[in-house]
Amino acid sequence: MTVESTAARTPRRTSGGKRAGGKTATKAAKTAQAQAAEPELVQLLTPEGKRVEHPDYAIDLSADELRGLYKDMVLTRQFDAEAIALQRQGELGLWPSLLGQEAAQIGSGRATKDDDYVFPTYREHGVAWCRGVEPKNLLGMFRGVNNGGWDPNSNNFHLYTIVIGSQALHATGYAMGITKDGADSAVVAYFGDGASSQGDVMEGFNFAAVYNAPVVFFCQNNQWAISEGNEKQFRVPLFQRAQGFGFPGVRVDGNDVLAVLAVTRAALDRARRGEGPMLIEAFTYRMGAHTTSDDPTKYRRDEEREAWEAKDPILRLRTYLLAEGLADEAFFSELEAESEAFGKKVREAVRSMEDPDMMAIFENVYADGSALVDEERAQFAAYQASFADGEGK
């Protein structure tokens with residue numbers, strides 16, 4: 001689904017210094033901007049928990065599958081809450097919360113197949129869960145005891161990317177490679193609304209379009225690039241950017257796990273059929289801070305958060321499950337107990353992590369070794385030894 005750009009253009013000035021068309025032109029421009037700001041989005045489950053249909057995207061899930069999506073979101077939110085608490089207690093150096101984005105991540109993560117490859121940013125904890133990455137490994141990186149903590153090829157889930165937007169290029173290159181290999185798998189690149197303005201993302205779009213790469217660009221538009229809102233990031237709806245590169249874009253309700261699952265499945269199937277890239281804009285909201293070093297009260301209103309709380313992805317699916325008799329209170333009680341046990345396990349895992357060997361940083365820098373690295377290793381070893389004999393201060 002693509003929508004023609006309706007971005008307002010700046011009218012030319014007359015010789016008298018006034019804008020051509022005066023107030024009428026200005027009003028028309030504002031109207032055009034307002035229309036462009038709120039395009040149609042794909043939705044299958046309303047914020048009130050009512051099931052609706054969409055002409056282009058359909059999905060038929062069993063009761064077990066629906067309960068599974070709900071469980072994934074609940075456990076992911078519990079994991080996220082534990083990580084925030086651990087950071088506040090000094091157990092982690094930093095944590096980027098996904099609170100409010102569970103549907104966008106679980107829906108898209110569950111749409112992937114085992115042989116698909118995922119390139120995340122640093123907030124895709126729910127996608128990591130879907131790909132089978134051990135939660136302890138995610139936390140180890142933010143505790144500083146590992147440099148990633150998992151083998152990307154074991155789960156086809158790349159290491160977290162801290163550099164904003166560069167994973168779009170990595171994903172596109174990988175997708176071009178599997179095409180040459182004759183594979184029928186697909187690739188997903190995750191990024192945020194802020195990263196969508198990075199040159200790396202635009203270059204990824206262009207290469208993917210030109211080479212018809214089987215990659216899905218999945219943007220979680222959570223409304224804020226740290227403290228910069230959408231209105232300071234782009235003039236047209238984000239998903240429309242795909243048009244300029246020659247492939248389709250679609251906006252989906254990012255708090256609707258069913259719609260996200262349906263749209264991502266369709267985009268991945270399209271890529272596997274050799275029809276090229278697609279951009280998905282999951283329209284969602286970052287309920288918490290950008291990271292634990294951020295204070296969102298400095299730049300956004302409480303009313304804004306409250307409005308989005310009414311669209312909570314977990315609450316709406318719970319409402320639907322109860323209304324349709326697809327889950328009972330016993331299910332929710334058991335899941336709550338499981339969630340609490342999971343949280344305890346996470347806390348114990350973090351606090352029992354051993355500090356890494358400080359000399360390990362010098363290993364595997366060069367395949368055949370390096371005289372310079374050997375010299376640096378010796379200097380660092382001597383520096384560490386100086387503390388043992390009381391010389392280091």
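Within 6.0 Å of CD in E65 there are more than 12 heavy atoms belonging to other residues, nucleotides or ligands.
Under the 4.5 Å side-chain criterion, counting only non-hydrogen atoms from C-beta, N255 is not in contact with F283. L335 places a side-chain heavy atom less than 4.5 Å from the side chain of Y70.
With 3.5 Å as the limit, one finds no donor-acceptor pair spanning the side chains of E228 and Q233. Remark: the D193 side chain and the Q223 side chain contain no N/O donor-acceptor pair separated by less than 3.5 Å. Residues E281 and N221 have side chains that bring a donor and an acceptor to within less than 3.5 angstrom of each other. Judged by distance alone, the side chains of E124 and T121 do bring a donor and an acceptor atom under 3.5 Å apart. Counting only N and O atoms by type, the side chains of H125 and Y160 include a donor and acceptor under 3.5 Å apart. N156 and D116 are not linked by any side-chain donor-acceptor pair at a separation below 3.5 angstrom, with hydrogens and angles left out of the test. Judged purely by distance below 3.5 Å, without hydrogens or angles, the side chains of T284 and N222 never pair a donor atom with an acceptor atom. There is no side-chain donor-acceptor pair under 3.5 Å between E102 and W129. Donor-acceptor pairing under 3.5 Å is lacking for the side chains of Y122 and T291. There is a side-chain donor-acceptor pair under 3.5 Å between D294 and Y299. Between R131 and T112, the side chains place a donor N or O and an acceptor N or O closer than 3.5 Å (distance only, hydrogens not considered).
With sequence neighbours left out, R67 forms a side chain to side chain donor-acceptor pair (under 3.5 Å) with D64. With sequence neighbours excluded, no residue forms a ring-ring contact (aromatic ring centres under 6.0 Å, His included) with F331.
Evaluated for a ring pair (Phe, Tyr, Trp, His ring centres under 6.0 Å) with F119, the options Y174, F217, F218 yield exactly one hit, Y174. With E82 as the partner, the salt bridge (Lys or Arg N to Asp or Glu O under 4.0 Å) test is satisfied by one option alone out of K344, R351, R347: R347.
Through direct or relayed side-chain contacts under 4.5 Å between Ile, Leu, Val, Met, Phe, Trp and Tyr, V210 connects to M176, F207, Y211.
Salt bridge present: E275 and R273 bring a charged side-chain N and a carboxylate O closer than 4.0 Å.
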